[in-house]
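As a basis for the values below, the full set of heavy atoms in this structure was taken, side chains included, without hydrogen atoms, waters or symmetry mates. Order of the sequence lines sets the chain letters (A, B, ...), proteins ahead of strands, with each chain counted from 1. Values in this document were obtained by computation on a predicted structure and should not be read as measured data.
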Amino acid sequence: MNYWLFKTEPMEFSIDDLAKKPAKTEHWDGVRNYQARNFMRDEMKVGDKAFFYHSNCEEPGIVGIVTVASKAYPDHTAFDKKDKHFDPKSDPDKPRWMMVDVKMARKLKRTISLKELKERSALTGMRLVQRGNRLSVMPVEKKHWDIILKIE
DNA sequence: GCCAACGTTGGC
DNA sequence: GCCAACGTTGGC
């Protein structure tokens, strides 16, 4: 079992949007970063757990927990000229970008803000709080996962 | 293969 | 809206 974190801008797609989807499940399209793609493609397994993180908003932070509900498969939005994330270099016969499905597990009882995560000395090694981190999909160490759930 | 220019991310 | 950090692109 691996642990992850998915970043999203709540204006685009929030935890409440996910909760409204059929079976509370949605595909995680739009990842256009190789490192993030490789995590999904090579390391994610069905049943892995992940934090749902809101970025670029009033209070950036962790707002919920989701589970990985599928293996990685081609991100079809890369083939759609009208899509915001269209990539002419991704060929349907040789897709460049992948995605997984994520399923809502639950919302956290409260938002655990980025500010608070940064203040916890036990979490200083966490990728999310390190400087200049821009990955939208990243691994979370189990020890950090456990600490965060404890302070919920 | 180097690296400057450029675009994007995302906290603040 | 600003800007630092980072990834990607493309000229050479």
Requested in this report: Name the first nucleotide and the last nucleotide along DNA chain B (5' to 3') that come under 4.0 Å of a heavy atom in chain A.
Outcome: dG7(B) to dC12(B)
Report task. Apply ring-ring contact (aromatic ring centres under 6.0 Å, His included) to Tyr34(A) and list each qualifying residue two or more places apart in sequence or on a separate chain. Result -> Trp97(A)
Report task. Please list, by residue number, the residues of residues 51-58 of chain A whose heavy atoms come closer than 4.0 Å to an atom of DNA chain B; answer none if no residue qualifies. Result -> Tyr53(A), Ser55(A), Asn56(A)
Query raised in the report: Taking atom NZ of Lys118(A) and atom CG of Leu128(A), what is their separation to the nearest 0.5 Å?
Result: 8.0 Å
Query - Ring centroid separation Phe51(A) to Trp4(A) under 6.0 Å - result: no
Report task. Only counting residues at least two apart or in another chain, list the ones meeting side chain to side chain contact (heavy atoms under 4.5 Å, CB included) with Ala69(A). Result -> Thr25(A), Asp101(A), Lys103(A)
Report task. Give one of base, sugar-phosphate or nothing for Lys118(A), where a contact means two heavy atoms less than 4.0 Å apart. Result -> sugar-phosphate
Query raised in the report: Toward the 5' end of DNA chain C, which comes first, Tyr34(A) or Arg131(A), by nearest nucleotide?
Result: Arg131(A)
Query raised in the report: Does the distance from a Lys or Arg side-chain N to an Asp or Glu carboxylate O, for Arg106(A) and Glu152(A), drop under 4.0 Å?
Result: yes
Report summary line: With sequence neighbours left out, the residues meeting ring-ring contact (aromatic ring centres under 6.0 Å, His included) with His54(A) are Phe52(A)
Report summary line: Output for pair (Met44(A) CE, Trp28(A) CH2), nearest 0.5 Å, gives 9.5 Å
Query raised in the report: Does a sphere of radius 6.0 Å around CE in Met1(A) hold more than 12 heavy atoms from other residues, nucleotides or ligands, not counting ones at 6.0 Å or beyond?
Result: yes
Query raised in the report: In residues 121-129 of chain A, what residues come within less than 4.0 Å of DNA chain B, judged by heavy atoms?
Result: none
Query - Side chains of Arg32(A) and Ser90(A), donor plus acceptor under 3.5 Å - result: no
Query raised in the report: Is there a donor in the side chain of Asp16(A) and an acceptor in the side chain of Ser14(A), or the other way round, less than 3.5 Å apart?
Result: no
